[in-house]
Amino acid sequence: MSALTLNVDFHSHSTVSDGVLSPTELAARAKRNGVSVWALTDHDELGGIPEARAAAAALDLRFISGVEISITWAGKTIHIVGLNIDENNPELIEGLAKTRSGRERRARDMAIDLAERAGIPGVYEGALKYVGNPNLISRSHFARYLLEIGACSSVSDAFKNYLTEGKPGYVPHRWASLEEAVSWIIGAGGVAVVAHPGRYDLTPLALDSFFRDFKAFGGVAIETVTGSHTVDQYDEYTKIANKYDFLVSRGSDFHSPEDAEIDIGKLPPMPKASKPVWEAWFSA
Ligand code: AMP
Ligand code: MN
Ligand code: MN
Ligand code: MN
């Protein structure tokens, strides 16, 4: 088997960020679904990695450590995945703690805005019921509560009507810089990967400028086959990766059995022209 056909899933979330399964439950689901190599990539958090690694080892599932860092670039929120990082690296730990620190204030402001502009009270307290890690309250937890009370008909509907730019519950936020995120990842021995590049609201010119900055800071890969891309985008971003000489990565971005675009381990194959980021780590 060549590296390209390995069932790699390098993007998933546990209760340590905005997923609904614990790292142990996620490992079991990944194994059951046929994953060969798995990475946990919680948002701005490394806390789930020791449990995930132990659970994977017990299942004879190959595991690499990961994280998905929220950054602000040219006023836009973008996500950078770090793979194969040392989760004990002090600069990475400190940088992520700083990145997380504004979430509590933002969540309270989001709830005030939802109460004032949409007439929906108590969303902060409601969202907290879904939070597994008090340091990581996310828009996903708000979306789950809005669904619970019938303010929307699905999680993705919650993001259409609330929580996004111009809608009630949206509060602009400044995350880490691109340079910080990439340097923390490299400093911790990892590789930096642009998460779901097709999902950002950037013009082609801005995306080009972003990729150049990312590369200049030491970024090496982009996601192509991800649950956050359309099928057409798998090939589109494979071509883009080759144009910029980036390696590629693959991951479901699985959060929850209820509202998954693609289940963990259930992604389609990589396009043939792919140069996978894991080729240097695993062959079969
Ligand atoms: P936050 O980091 O708190 O801004 O929350 C971002 C998270 O919200 C993402 O990681 C996704 O899990 C979720 N999210 C954002 N947009 C959508 C969407 N349109 N549909 C479903 N989930 C979304
Ligand atoms: Mn998420
Ligand atoms: Mn993301
Ligand atoms: Mn994600």
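For ligands, and for the atoms within them, numbers begin at 1 and follow the listed sequence.
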Taking just the N, O or S atoms of D18, which one is nearest to the Mn ion (ligand 2)? OD2
Distance to the ring centre below 6.0 angstrom and angle to the axis at most 45 degrees; does that hold for R108 and Y124? yes
Please name the atom of E68, restricted to N, O or S, that is closest to the Mn ion (ligand 4). OE1
Tell me the protein heavy atom at minimum distance from atom 21 (C) of ligand 1, and give that distance in Å. F159 CD1, 3.6 Å
Is it true that F211 and F246 have ring centroids separated by less than 6.0 Å? yes
For residues T24 and E51, is any side-chain donor paired with an opposing acceptor at under 3.5 Å? yes
Tell me, which N, O or S atom in D253 is closest to the Mn ion (ligand 4)? OD1
Assess whether side chain to side chain contact (heavy atoms under 4.5 Å, CB included) is satisfied between F282 and I64, documenting all intermediate values. CA-CA 11 Å; F282 306 98; I64 67 159; 3.7 Å; yes
2.8 Å cut-off met by an N, O or S atom of H13 to the Mn ion (ligand 2): no
Give, rounded to 10 degrees, the angle between NE2 (H255) and NE2 (H43) as seen from the Mn ion (ligand 2). 120°
Backbone, side chain, both or neither: what part of H43 comes under 4.0 angstrom of ligand 1, heavy atoms only? side chain
In terms of atom number and element, which parts of ligand 1 are under 4.0 angstrom from non-hydrogen atoms of R139? 1 (P), 3 (O), 4 (O), 5 (O), 6 (C)
Is there a heavy atom in H141 that sits closer than 4.0 Å to ligand 1? no
Considering only non-hydrogen protein atoms, determine which one is nearest to atom 2 (O) of ligand 1 and report residue, atom name and distance to 0.1 Å. R103 NH2, 3.0 Å
Main-chain N/O of T224 paired with H229 side-chain donor or acceptor, under 3.5 Å: yes
Mind checking whether H255 has an N or O less than 3.5 Å away from an N or O of ligand 1? yes
Please confirm whether S140 comes under 4.0 Å of ligand 1, counting heavy atoms of the residue only. yes
From I78 atom CD1 to F210 atom CZ, the distance as rounded to the nearest 0.5 Å: 4.0 Å
Side chain, backbone, both or neither: which applies to D259 and ligand 1 if a contact is any heavy-atom pair less than 4.0 Å apart? neither
Kindly confirm whether the Mn ion (ligand 4) is within less than 2.8 Å of some N/O/S atom in H196? no
Between T226 and D253: side-chain donor-acceptor atoms closer than 3.5 Å: no
Atom indices of ligand 1 within 4.0 angstrom of S138 heavy atoms, with elements: 3 (O), 5 (O)
Distance-only donor-acceptor check, side chains E68 and H13, under 3.5 Å: yes
Under 3.5 Å, is there a donor-acceptor pair linking the side chains of Y130 and D18? no
Quick one: does R106 get a heavy atom under 4.0 Å from ligand 1? yes
Of F63, W278, W38, which is the lone residue that meets ring pair (Phe, Tyr, Trp, His ring centres under 6.0 Å) with F10? W278
